[in-house]
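Just passing along the structure, written as structure tokens.
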Amino acid sequence: MERTFFNVIKTVVFSMVLLGTAGCKSDRDEDGSNFNGLEEYYTIDRFKVLNIDPKTGGNFTWSINDSIISQDPQLDFISPVVKTYPLTLKIEGNGTTKTYNSKIIVKQEAGTYSRYISDVFDFRPAVGQFINEIPEYENGNTFSQMLQKAKESLVGGNSTMLTLGGYGGYVVFGFDHTVPNMNGRDFKIFGNAFFGNAASDPRSGSCEPGIIMVAYDRNKNGKPDDNEWYEIAGSEYFKNTTVKDYSITYFRPNENKAPVPGSEFWQTDVEYIKWQDNLGNLGFKTKNTFHAQSYYPLWLGDASYSFTGTKLMNNYYDQSGTGEYWAGKSYDFGYADNAPNNDDASNIDISWAVDKGGKYVKLPGIDFVKVYTGINQEAGWLGEVSTEVAGAYDLYLN
């Protein structure tokens, strides 16, 4: 992927501890404020965030050469390449403009980073026909044991696959470094989506979009905290067909009850798993003839469990009109398992992140990712729409 010079820098505002080592002081402020000028230079490893906080007022302009990189009071800087950048800060206030010069030295890190997922923090699938199969549940397995199986599936370059089940089912994973937020798309998520040769829409087939959340480890505690999550606003985020704050509850089925067969050959039990949502809808998830095991995660001891998030409009349609051929439409961008792995639509731009109010946020990069199934739909004999995750990697590391 070809990138210009400024594909190696991105800036952002956050309250952080100052990183980087300093040399001698350069320019000095004479107005009595606490700011005494930039350091002569700052050093930082690749894929680490350098924060410079002047702790003074005014209007700020941060530049490298002749290009403005930020106008925020604090500078957060990250680069994936070894390089020295000339840094200029201009502060306007009280009718004057003061200029400070420094440089940022980005050096090679001591260790070796992996471009792939390094850890899985949480795995909680919704109900579905592949639950207890991918990964396989063995009698007596606990949450910790199933989480370990999720790690074995996703960590490293030889990842396999997890199914997240129906709406809301999720996995949370992380990297061993900060994936930088540059100009363009920054990381890729693998799924098992493909376009169907017989689909009338050229970008339709088996596409099961998952919502993506991202988090930057701003407090450096090595784990994703609740207040660090932001949603990737994909192509459907701002449309009125997308439901925010959607909630659904699934109820544990009685596996010994008499099944209620449907009118179709594949409908083993059309009253299998009860569900209800916060929009007043309720119904049952159907058990089909292709999968006989329990569709409820057997390592969960609760009689019911719930998910809340953003719900996308149903994307599957019966192209045949007879229930024989269902196709799932790929949305334009910003979702997991939404397009084939070799398609650009499986690449994600961190700059698409928004806060709970839908306002775009500036992140220097991300350390953690959460993916959850974004659609509550059953596509005939294909079963529920369920996002699959088969790995992820940083587009800046080889």
Side-chain angles (χ1 to χ4, degrees), residues 10 12-19 44-51 76 78 80 109-126 135 141-157 159 162 164 168-181 186-190 210-232 297 299-300 302 305-310 336 348 350 352-356 361-373 387 389 391-394 396-397:
K10 194 80 176 190
V12 125
V13 174
F14 271 111
S15 297
M16 295 172 53
V17 177
L18 177 64
L19 300 175
I44 194 70
D45 287 351
R46 291 193 319 151
F47 299 99
K48 295 290 186 182
V49 177
L50 171 71
N51 174 256
D76 277 356
I78 186 171
E109 65 277 7
T112 301
Y113 293 131
S114 169
R115 72 187 307 201
Y116 302 103
I117 294 171
S118 65
D119 202 358
V120 177
F121 296 89
D122 199 0
F123 172 52
R124 190 174 178 86
N141 277 167
T142 63
F143 166 79
S144 296
Q145 290 171 318
M146 293 304 294
L147 181 61
Q148 180 59 36
K149 292 183 180 184
K151 293 180 182 181
E152 293 168 0
S153 297
L154 294 187
V155 170
S159 54
L162 289 179
L164 303 183
Y170 67 82
V171 63
V172 178
F173 57 83
F175 298 90
D176 64 3
H177 64 282
T178 301
V179 178
N181 181 10
D186 307 297
F187 67 98
K188 176 186 285 288
I189 298 179
F190 289 128
I211 305 293
I212 300 169
M213 307 284 290
V214 293
Y216 168 57
D217 190 15
R218 67 180 67 122
N219 62 10
K220 304 302 177 187
N221 68 353
K223 61 182 181 180
D225 297 308
D226 289 344
N227 64 350
E228 293 177 334
W229 287 113
Y230 298 94
E231 182 172 340
I232 292 294
W299 63 94
L300 300 182
D302 301 327
Y305 67 126
S306 304
F307 298 100
T308 298
T310 296
I348 306 301
I350 297 170
W352 296 335
V354 296
D355 62 19
K356 292 180 179 179
V361 296
K362 296 179 181 179
L363 300 174
I366 57 103
D367 299 278
F368 313 108
V369 177
K370 176 180 180 179
V371 178
Y372 64 90
T373 300
T387 301
V389 176
Y393 70 79
D394 179 344
Y396 301 103
L397 269 173

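In this chain, numbering begins with 1 at the start of the sequence shown.
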Specify the closest pair of heavy atoms between Pro180 and Ile350, including all atoms of both residues, with the distance to one decimal.
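Looking at all heavy atoms of both residues, the shortest contact is O-CD1, 3.7 Å.
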Quickly, which of Thr387, Val389, Val172, Thr310 forms a side chain to side chain contact (heavy atoms under 4.5 Å, CB included) with Tyr372? Name it, please.
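Considering Thr387, Val389, Val172, Thr310, a side chain to side chain contact (heavy atoms under 4.5 Å, CB included) with Tyr372 is found only for Thr310.
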Between NZ on residue Lys370 and CD1 on residue Ile211, distance to nearest 0.5 Å
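The distance works out to 11.0 Å.
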Report the distance from atom CD1 of Ile348 to atom CG of Asp186, rounding to the nearest 0.5 Å.
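Taking CD1 in Ile348 and CG in Asp186, the distance rounds to 9.5 Å.
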Which distance, rounded to the nearest 0.5 Å, do you find between the NZ of Lys223 and the CD of Glu228?
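Between Lys223 NZ and Glu228 CD, I get 10.0 Å after rounding to 0.5 Å.
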Given Asp394, which partner from the list Arg115, Lys188, His177 fulfils the side-chain hydrogen bond (donor to acceptor under 3.5 Å, both in side chains) test?
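Of all the options given, the one that passes is His177.
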Find the distance between OH (Tyr396) and CG (Asn181) and round it off to the nearest 0.5 Å.
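Atom-to-atom, Tyr396:OH and Asn181:CG are 7.0 Å apart.
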Where is the tightest heavy-atom contact between Phe368 and Gly222, given as atom of each residue plus distance?
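In terms of heavy atoms, the two residues are closest at CZ-C, 3.7 Å.
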For Ile117 and Leu154, work out which heavy atoms get closest and say how close.
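Result for this residue pair: CB-O, 3.6 Å.
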Checking the side chain of Asp225 only, and the main-chain atoms of Asn227 only, is there a donor and an acceptor separated by less than 3.5 Å?
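Looks like no, no N/O pair under 3.5 Å.
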Side chain to side chain, Thr178 and Lys48, heavy atoms closer than 4.5 Å:
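They are not in side-chain contact.
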Fit a plane to each ring of Trp299 and Phe123, take the angle between them on a 0 to 90° scale, and name the class: parallel (under 30°), tilted (30 to 60°) or perpendicular (over 60°).
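Ring orientation of Trp299 relative to Phe123: parallel.
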Please give me the minimum heavy-atom distance between Tyr230 and Ala353, naming the atom from each residue.
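Distance-wise, the nearest heavy atoms are CB-CB, 4.0 Å.
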Quick one: pull up CZ in Phe175 and CG in Leu397 and give me the separation to the nearest 0.5 Å.
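Result: 10.0 Å between the selected atoms.
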Less than 4.5 Å apart, any side-chain heavy atom of Val49 and any of Tyr216?
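Val49 vs Tyr216: side chains touch.
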Looking at Ile366, Ile78, Val214, Asp367, which one forms a side chain to side chain contact (heavy atoms under 4.5 Å, CB included) with Val179?
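Only one of Ile366, Ile78, Val214, Asp367 forms a side chain to side chain contact (heavy atoms under 4.5 Å, CB included) with Val179, namely Ile366.
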Any donor and acceptor pair, going by atom type alone, linking the side chain of Arg124 with main-chain N or O of Tyr170 inside 3.5 Å?
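No: the side chain of Arg124 does not pair with the backbone of Tyr170.
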Mind checking the CD-CZ spacing from Gln148 to Phe143? Nearest 0.5 Å is all I need.
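Output value for this atom pair is 11.5 Å.
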What's the shortest heavy-atom distance between Ile189 and Ala336, and which atoms?
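That would be CG2-CB, 3.9 Å.
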Under 3.5 Å: donor-acceptor pair, side chain of Asp176, backbone of Ser114:
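Here the side-chain-to-backbone pair exists.
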To check you understand the geometry: which heavy-atom pair defines the closest contact between Pro135 and Leu162, and what is its length?
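So the two residues come closest at CD-CD2, 3.4 Å.
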